[in-house]
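Presented below is the structure to which this report refers.
Residue numbers count from 1 along this sequence. This one's a predicted model, so the numbers in the text were calculated from it and none came from an experiment.
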Amino acid sequence: MEPELAREPGYATRGQPGILLPHEETLAEAQERYRRIEARFHLLEQATGQLTWVTDAQGLVDDMPSWRAYSGTTIGDIRGMGWLTTLHPDDRASTQAAWEVAVRDHVPYTAEYRVRRRDGVYRWFVARGMPLIDAEGVIREWVGTSTDITDRKMMERELAERAQQLDTAFATIRDAIFVYDATGAITLMNPAVTRLFGVQPGDTFFTAPFAARALLIDLRDEDDRPLPDAQTPVARLLRG
């Protein structure tokens, strides 16, 4: 190397301290970028409560640091398909089947399962994974996240229980109850309707025009006179 060239920024003879060769400078920058990306990645994990993971092209795990930290397991425990042992026993077979289909058919992976936390508590997660494909169309690895959805699952279960309670109460009320839409069409009735009026859900009573239904029920006023269509309770309600 010419002496004057060695004095240019970014150039040096090997062994000259404090100055990086061009390819060494590029490597240092790449390493710094990688460290920044990795730091952001871990912050994202903490902020979103996600477990992130990467597998090889065959879907086998080498290591999942966030998964190990969450489940209190070792690399040996989760390597390969060992991570399945951290799932609830009832979820392992279906999860493995879904994962094998995704890897075999090269399609996005989605599954819901319960993961055992390091304190022994199982929490619900939804997993989503995608294959990383290179320019030649070859899968190099799989990248995915598992997001805690326990709160959503608890809310869904609570809503389902409340709906069941309402259905039970609706069915046991002794008074006839009709539910109408804004046009006066019947959308729902309780079993007491059949008992009191002798009509079934499939009867033409439900598809007949509103006025015809009023005649079938034969609504009357306090003097036992037929109630005009405009004075039936539903007609008055529809008028506001």
Side-chain angles (χ1 to χ4, degrees), residues 31 33-171:
Q31 290 173 334
R33 284 196 300 272
Y34 176 80
R35 282 192 290 269
R36 289 199 300 267
I37 292 172
E38 189 175 33
R40 292 170 185 164
F41 192 67
H42 291 316
L43 285 175
L44 182 62
E45 287 181 332
Q46 297 172 14
T48 59
Q50 292 181 334
L51 306 179
T52 56
W53 43 268
V54 178
T55 78
D56 64 16
Q58 289 72 45
L60 300 178
V61 168
D62 181 52
D63 188 16
M64 294 191 295
S66 61
W67 195 288
R68 285 193 289 108
Y70 182 85
S71 60
T73 50
T74 66
I75 294 178
D77 293 331
I78 65 171
R79 182 166 286 159
M81 295 293 289
W83 58 273
L84 285 168
T85 62
T86 65
L87 305 189
H88 192 283
D90 294 343
D91 302 334
R92 293 173 189 171
S94 60
T95 300
Q96 181 175 357
W99 180 233
E100 290 176 348
V101 168
V103 174
R104 182 194 67 205
D105 297 342
H106 300 175
V107 295
Y109 165 70
T110 303
E112 290 188 4
Y113 46 63
R114 286 159 287 183
V115 182
R116 185 181 65 248
R117 201 167 56 190
R118 62 186 310 119
D119 60 0
V121 174
Y122 284 97
R123 291 183 65 84
W124 278 100
F125 283 78
V126 58
R128 296 183 177 89
M130 294 289 293
L132 183 61
I133 304 174
D134 63 16
E136 286 74 37
V138 177
I139 293 180
R140 295 302 181 186
E141 60 185 14
W142 288 77
V143 179
T145 61
S146 297
T147 306
D148 192 322
I149 57 169
T150 305
D151 291 343
R152 191 197 78 186
K153 282 286 189 179
M154 292 178 62
M155 184 177 296
E156 289 174 351
R157 183 173 61 187
E158 183 178 349
L159 290 174
E161 290 174 351
R162 289 184 180 181
Q164 185 176 10
Q165 291 171 354
L166 289 174
D167 288 342
T168 301
F170 188 73

Practice task
Would you check, one step at a time, whether the test side-chain contact (heavy atoms from CB on, under 4.5 Å) holds for Thr73 with Thr86?
Solution key: CA-CA 8 Å; Thr73 50; Thr86 65; 3.8 Å; yes
Exercise for the section: With side-chain contact (heavy atoms from CB on, under 4.5 Å) as the test, would you mind laying out the steps for Asp90 and Arg114 before giving the verdict? Expected result: CA-CA 9 Å; Asp90 294 343; Arg114 286 159 287 183; 3.7 Å; yes
Exercise for the section: Could you walk me through whether Leu51 and Thr145 pass side-chain contact (heavy atoms from CB on, under 4.5 Å), step by step? Expected result: CA-CA 6 Å; Leu51 306 179; Thr145 61; over 6 Å; no
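In this structure, the separation between CD1 on Ile78 and CG on Leu84 is 11.5 Å, given to the nearest 0.5 Å. Here Arg79 contributes atom CZ and Asp62 contributes atom CG; the two are 5.0 Å apart, rounded to the nearest 0.5 Å. Rounding to the nearest 0.5 angstrom, the gap separating the CD atom in Glu141 from the OG1 atom in Thr55 is 7.5 Å. Rounding to the nearest 0.5 angstrom, the gap separating the CE atom in Met155 from the CG atom in Leu159 is 7.0 Å.
Defined by atom type and a distance below 3.5 Å, a donor-acceptor pair is missing between the side-chain atoms of Ser66 and Trp53.
For Arg128, there are no salt bridge (Lys or Arg N to Asp or Glu O under 4.0 Å) partners two or more places apart in sequence or in a different chain. Under the side chain to side chain donor-acceptor pair (under 3.5 Å) criterion, Asp63 pairs with Arg68, sequence neighbours left out. Applying the side chain to side chain contact (heavy atoms under 4.5 Å, CB included) test to Asp167 and every residue at least two apart in sequence or in another chain returns nothing. Evaluation of the side chain to side chain contact (heavy atoms under 4.5 Å, CB included) rule for Thr150 yields Arg123, Trp124, Asp148, Met154 as partners, not counting sequence neighbours. Residues satisfying the side chain to side chain donor-acceptor pair (under 3.5 Å) criterion with Arg117, sequence neighbours excluded, are Asp119. By the side chain to side chain donor-acceptor pair (under 3.5 Å) test, Asp56 pairs with no residue at all, sequence neighbours left out. With sequence neighbours excluded, no residue forms a salt bridge (Lys or Arg N to Asp or Glu O under 4.0 Å) with Arg116. For Arg118, there are no salt bridge (Lys or Arg N to Asp or Glu O under 4.0 Å) partners at least two apart in sequence or on another chain. Annotation: ring pair (Phe, Tyr, Trp, His ring centres under 6.0 Å) contacts of Tyr113 (sequence neighbours excluded): none. The salt bridge (Lys or Arg N to Asp or Glu O under 4.0 Å) search around Glu136 returns none, not counting sequence neighbours.
Contact of the Val115 side chain with the Leu87 side chain is registered, since non-hydrogen atoms from C-beta on lie closer than 4.5 Å.
Of all heavy-atom pairs between Thr95 and Asp91, the closest is OG1-O, 2.7 Å. When all heavy atoms of Met81 and Leu60 are compared, the pair lying nearest together is CG-CD2, 3.8 Å.
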Report all side-chain donor-acceptor pairs from residues 99-112 shorter than 3.5 Å, counting only partners two or more places apart or in another chain.
from, atom 1, to, atom 2, distance (Å)
Trp99, NE1, Gly59, O, 3.0
Glu100, OE2, Gln96, NE2, 3.0
Glu112, OE1, Lys153, NZ, 2.9
Glu112, OE2, Arg152, NH2, 3.0

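Pairs engaging residues 56-82 under the ring-ring contact (aromatic ring centres under 6.0 Å, His included) rule: Trp67-Trp83, Tyr70-Phe125 [sequence neighbours left out].
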